[in-house]
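Start at 1 with the first residue, then count along the sequence. Both counts, for ligands and for their atoms, begin at 1 and track the order of listing.
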Amino acid sequence: MAPILDGIPKDFTNPSQNTPPQPETAEQYSSLSSPLDNRLSQVEIPPCLISPAFTPPSSSGTGSPRGLLEPSDSLSDGETSFRQNLLETLPEVKCEVRARIPMNNGGEIFIHLYSNNIDNKEHLAIVFGELIRSRSLDAPREDDTEWSRMVRGAYSGRLYPGRTVSSSPLPHSDSPATPSSSNQLPLDSIPLVRIHSECYTGETAWSARCDCGEQLDEAARLMALEGAGVVVYLRQEGRGIGLAEKLKAYNLQDLGNDTVTANLLLRHPADARSYGLATAILQDLGLSTIRLLTNNPIKVAAVEGPNKEVKVAERVPMVPLAWKGLKGGVTGKELDEYLKTKINRMGHLLPEPNH
Ligand SMILES: Nc1nc2c(ncn2[C@@H]2O[C@H](COP(=O)(O)OP(=O)(O)OP(=O)(O)O)[C@@H](O)[C@H]2O)c(=O)[nH]1
């Protein structure tokens with residue numbers, strides 16, 4: 001693969017790790033991953049994004065290693081700038097707390113907050129349905145009491161005023177209770193999963209530059225319909241470069257650059273994300289086979305992990321509502337350009353609309 005930015009170390013986003021020899025091509029990759037369709041096998045998947053890998057450090061985006069590039073400086077395609085180092089094992093994750101959230105549409109979710117051994121961010125799993133449970137949350141802990149188990153969310157059924165036993169599945173019943181087999185996800189059901197990267201602008205600040213907020217809503221809608229599913233919400237804002245750098249990238253986009261070039265001009269990779277934490281969280285939730293909601297072929301291969309800790313049985317496309325001719329979604333020139341760059345420069349598997 002050709003170097004991206006002459007003279008800049010490819011692995012500047014994670015300089016402290018030694019990089020083991022990595023496959024460089026889709027062919028070499030095929031021994032690690034099982035592509036879901038023909039287009040997937042044609043995509044050159046950056047080895048750095050195969051789990052397990054570091055999520056970019058929490059300080060990512062706070063400084064450009066060697067300053068801003070001028071557009072006239074050496075700048076080529078973004079693929080080889082994906083460069084992080086692999087771990088030999090998955091990161092360790094621990095669900096610290098789980099809480100029920102009644103939704104404003106009448107539904108209900110269980111938010112799981114995770115800690116891990118590679119960064120200090122609060123990564124989340126938003127769980128639909130009660131049958132998907134966290135092993136690390138439910139496991140007995142030192143000095144556990146019924147009270148501490150209920151407060152951290154390691155209870156079954158519902159909490160109610162006066163409840164004293166964490167494991168009771170029914171109100172006022174003190175019967176023993178890790179979830180019974182009838183309370184587990186049916187063996188033949190493969191849950192929907194969305195691995196979503198944080199996007200303050202699209203999810204909170206009403207941005208029409210991307211469809212991140214819409215994708216989150218659509219994932220929630222589908223999972224609510226099925227009564228089960230998980231959104232793994234990773235705190236890798238701005239494709240891992242952080243909010244400050246993403247905002248600079250927006251200014252560079254307004255100056256005429258696409259999303260990939262804007263990142264490169266800031267001397268960041270086109271995509272600095274990794275998915276090892278997502279793989280570990282799915283494992284903790286007992287999900288070894290999933291249907292993954294995404295258009296991003298890298299995500300599919302990355303989340304499976306080198307040892308196939310998680311198997312993606314099906315990729316479920318996420319087509320923007322506007323591109324399906326439906327109302328209610330994000331629309332506009334910026335969104336179209338954002339999506340076309342994903343298709344043309346990042347290999348996303350999304351058919352362009354006819355309009
Ligand atoms: N650097 C940068 N990041 C952006 C921009 N627009 C959105 N993002 C970030 O892109 C990420 C979107 O990630 P995801 O929703 O997981 O989507 P994806 O990997 O692109 O692919 P899908 O799974 O198909 O949606 C979030 O972290 C956003 O903050 C941009 O213009 N520049």
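- The side-chain heavy atoms of Glu304 and Lys311, taken from C-beta on, include a pair separated by under 4.5 Å.
- Residue, atom and distance of the protein heavy atom nearest to atom 24 (O) of ligand 1 are Asn295 N, 2.8 Å.
- Remark: of the listed residues Arg273, Glu237, Arg235, Arg273 is the sole one forming a side chain to side chain donor-acceptor pair (under 3.5 Å) with Ser197.
- Taking every heavy atom of Ile195 and a limit of under 4.0 angstrom, the matching atoms of ligand 1 come to 16 (O).
- Donor-acceptor pairing under 3.5 Å is lacking for the side chains of Ser156 and Arg133.
- With respect to the salt-bridge test (charged N to carboxylate O, under 4.0 angstrom), the residues Arg158 and Glu108 qualify.
- Looking at Arg194, Gln253, Glu245, it is Gln253 that brings a heavy atom closest to atom 30 (C) of ligand 1.
- Residues Leu321 and Lys327 are not in side-chain contact: their nearest non-hydrogen atoms beyond the backbone lie 4.5 Å or more apart.
- Among all non-hydrogen protein atoms, the one lying nearest atom 8 (N) of ligand 1 is Lys246 CD, 4.0 Å.
- Distance from atom 26 (C) of ligand 1 to its nearest protein heavy atom, with residue and atom name: Glu198 O, 3.3 Å.
- When heavy-atom distances to ligand 1 are checked against a 4.0 Å cut-off, Gln215 comes that close only through its side chain, counted from C-beta outward.
- You'll find the side chain of Asp254 reaches within 4.5 Å of the side chain of Arg209, heavy atoms only.
- Proximity to Tyr250 (heavy-atom distance under 4.0 Å) selects the following atoms of ligand 1: 6 (N), 30 (C), 31 (O).
- Residues Leu247 and Thr201 meet the side-chain proximity criterion, which asks for heavy atoms closer than 4.5 Å.
- The protein non-hydrogen atom at the shortest distance from atom 12 (C) of ligand 1 is Cys212 SG, 3.7 Å.
- Under 4.0 Å from ligand 1, not a single heavy atom of Thr201 appears.
- Proximity of Tyr200 to ligand 1, defined as any heavy-atom pair under 4.0 Å, is not found for any part of the residue.
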Salt bridge (charged side-chain N to carboxylate O under 4.0 Å, His left out) between Lys248 and Glu245, intermediate numbers included: CA-CA 5 Å; Lys248 291 181 194 169; Glu245 294 298 291; 2.7 Å; yes
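- Near Ile241, the atoms of ligand 1 lying under 4.0 angstrom from a non-hydrogen atom of the residue are 1 (N).
- With a 4.0 Å heavy-atom cut-off, ligand 1 is reached by the side chain of Thr259 but not by its N, CA, C or O.
- Comment: Glu218 engages Arg221 in a salt bridge, judged by a side-chain N to carboxylate O separation of less than 4.0 angstrom.
- Close N/O approach between Ala249 and ligand 1 is not found [any backbone or side-chain N/O within under 3.5 Å].
- Summary of contacts: the protein heavy atom closest to atom 20 (O) of ligand 1 is Lys342 NZ, 2.8 Å.
- Set against the non-hydrogen atoms of Gln236, the atoms of ligand 1 under 4.0 Å away are 27 (O).
- For atom 16 (O) of ligand 1, the nearest protein heavy atom (residue, atom name, distance) is Lys299 NZ, 2.7 Å.
- Side-chain contact between Ile111 and Tyr233: absent, with no pair of heavy atoms (C-beta onward) separated by less than 4.5 Å.
- With a 4.5 Å cut-off on side-chain heavy atoms, Leu252 and Thr261 do not count as touching.
- Heavy-atom proximity to Cys199, at under 4.0 Å, picks out these atoms of ligand 1: 28 (C), 29 (O).
- Residue-ligand proximity, Thr294 to ligand 1, at heavy-atom distances under 4.0 Å covers atoms 22 (P), 23 (O), 24 (O).
- When non-hydrogen atoms are compared, ligand 1 lies under 4.0 Å from neither the backbone nor the side chain of Leu350.
- Scanning all protein heavy atoms for the shortest distance to atom 21 (O) of ligand 1 gives His348 CE1, 3.2 Å.
- Between Val231 and Met223 there is a side-chain heavy-atom pair separated by less than 4.5 Å.
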Evaluation steps, side chain to side chain contact (heavy atoms under 4.5 Å, CB included), between Glu337 and Asp258: CA-CA 7 Å; Glu337 282 167 7; Asp258 68 24; over 6 Å; no
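- Given atom 9 (C) of ligand 1, the protein heavy atom at minimum distance is Arg239 N, 3.6 Å.
- The distance criterion of under 3.5 Å between nitrogen or oxygen atoms is met by Arg273 with respect to ligand 1.
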